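For reference, the structure discussed in these notes is given below.
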Amino acid sequence: MTTAPALALGQQETALRDRARRVIPGGMYGHMNVSAFSAVHPQFMVSGEGVRLTDADGREYLDLMCGWGPVVLGYRHPGVTAAIVEQLERGDCLDGTSPVAVDYAELLVDTVPSADWAMFCKNGTDATTICVTTARAATGKRKLLVANGAYHGAAPWCSLRGEGVTKEDQAHLIHYEYNDLASAERAAAEAGDDLAAVVVCPMRHDIKRDQELVDPAFARGLRAIADRTGAALILDDVRCGHRLDLRGSWEPLGVRPDLTAWSKALANGQALGAVTGIDSLRDGAKTIYVTGSFWYAAVPLAAGLATLRELRKGQAIPDMLRTGTRLREGLAAQAAAHGYSVRQSGPVQMPVLYFDGDDDLSLGTAWAEAAVRRGVYLHPWHNWFLSAAHTDADIDTILERTDEAFEDIRRARR
Ligand SMILES: *Cc1c(COP(=O)(O)O)cnc(C)c1O
């Protein structure tokens, strides 16, 4: 039996955290503040290649977070890196938009059946905010239906946290329960004739709970509410986009959104968000004033174009389905062999694992920490992400290490 590696953070990690605490509020902010979920996950990473990450102390990890979603082809994918370098040598932030924006908009419109046009920005929050603003401009109405607990970004209008956010910022949100059409109908009734948009994610992927696929009848019901009221149906595909279906995550259901927000995986890790929409909302999108100093930067657009061209070859999503299934089945077998009852939910490309009865998530956290000590980077309560760079052999190595992690926690509890 092997012994678990030491729990201690590395020297460089410790030194960086000490320095960061002095000059960065809280030592780090947002989702990359690791103290919010772990005692042992490194906060600082120095490089990534394929599915391998190296932290500040030179420790290597097989990665299951993919930069928390953006990296869909693997870190430093050669084709995307070549496009980045080539564009960088010509220019990135210029006085005018690069022609690559048009090339990329054309390819997105060609790929996504619900897209007649595209706009680009930097982040998912930009994209969801543009969608909402477009819907309000087009309809002249104010109310937004949003699901309880759904994450649409970190702006005051949609933040899930109260600090620094006023009631007025969210005065026009009306909440429904995901996959509960009756609750959405009640919310629509409450909005009356002031409903601008129904905002929804392709599936329920809220933190700290099992993921839930969408009930097709629910999706069709939201579409019907939007059609009946003249509101826009906004699909927040920021997290799922480009991992489940290149055409948009609800395309297999035959439910088409009016507006779609994209970001994370668009440009394989470069800063890029996008909004796509239907013709009848083109004027709404044209009238609103949305912009940003860096929204037209050419390098991320070139990376987005290269990423989509690679994805359109058609191998990436089937590869993720295969390796994701291998991972899910392997983890299920291991958990059972070690006597643990676990739940895995959501699409296999976006896994998450919870232990039954682990209400305070302490067991899941101990297991995730053990995995990190064994050299697998994953999260205790945020969904993970696979990329097309994961091979069957990588998954097998990951599984060897997660098996040790199950053994580690079992031994610790004896
Ligand atoms: C990450 C995320 C956002 C916000 O995107 P940022 O790039 O972090 O601003 C919005 N919606 C969903 C579903 C997300 O997962």
Side-chain angles (χ1 to χ4, degrees), residues 28-33 36-37 65-72 119-135 144-161 165 169-170 173 175-176 178-179 197-209 211-214 219 222 233-245 248-250 257 259-276 290-295 297 300-301 303-304 307 345-347 349-352 379 381-387:
M28 196 49 62
Y29 40 87
H31 62 292
M32 295 224 178
N33 178 356
F37 61 86
M65 288 303 286
C66 291
W68 296 69
V71 178
V72 68
M119 293 165 74
F120 301 110
C121 49
K122 286 291 93 176
N123 274 288
T125 307
D126 297 338
T128 55
T129 304
I130 291 171
C131 287
V132 162
T133 309
T134 300
L144 307 172
L145 306 194
V146 296
N148 284 318
Y151 187 68
H152 298 299
W157 77 263
C158 58
S159 175
L160 294 175
R161 297 276 297 267
V165 175
D169 287 320
Q170 304 193 349
L173 300 188
H175 291 90
Y176 63 86
Y178 200 91
N179 272 340
V198 180
V199 187
V200 66
C201 290
M203 63 165 177
R204 189 169 193 173
H205 44 41
D206 310 348
I207 55 168
K208 297 187 180 178
R209 52 168 295 149
Q211 300 187 94
E212 235 179 89
L213 298 181
V214 70
L222 293 189
L233 180 62
I234 297 174
L235 187 67
D236 179 353
D237 221 346
V238 169
R239 194 175 311 182
C240 299
H242 281 12
R243 268 199 174 76
L244 306 189
D245 192 307
S249 297
W250 273 8
L259 294 165
T260 303
W262 309 82
S263 185
K264 293 197 167 76
L266 282 185
N268 202 45
Q270 291 289 301
L272 192 64
V275 171
T276 56
V290 286
T291 192
S293 297
F294 303 104
W295 285 15
L301 289 164
T307 300
S345 55
Q349 308 93 306
M350 296 167 61
V352 74
H379 198 285
W381 43 256
H382 184 293
N383 75 271
W384 322 332
F385 298 89
L386 291 203
S387 77

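Order of listing sets the numbers, starting from 1, for every ligand and every atom in it. Just so you know, these numbers come straight off a predicted model, no measurement behind them.
N123 places no side-chain N or O within 3.5 Å of a backbone atom of T125 that could act as its donor or acceptor partner.
Evaluation of the salt bridge (charged side-chain N to carboxylate O under 4.0 Å, His left out) test over residues 145-154, restricted to residues two or more places apart or in two chains, returns none. Counting only residues at least two apart or on different chains, the side-chain hydrogen bond (donor to acceptor under 3.5 Å, both in side chains) pairs with a member in residues 259-268 are W262-T276.
Ring geometry, H379 versus W381: the interplanar angle exceeds 60°, so the pair is classed perpendicular (tilted spans 30 to 60°).
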Working for side chain to side chain donor-acceptor pair (under 3.5 Å), residues N383 and H205: CA-CA 7 Å; N383 75 271; H205 44 41; 5.6 Å; no
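For ligand 1, the protein residues placed under 4.0 Å by at least one non-hydrogen atom are N123, G124, T125, Y151, H152, G153, C201, H205, D236, V238, R239, K264.
Under the side-chain contact (heavy atoms from CB on, under 4.5 Å) criterion, L173 pairs with L144, V146, W157, Q170, H175, sequence neighbours left out.
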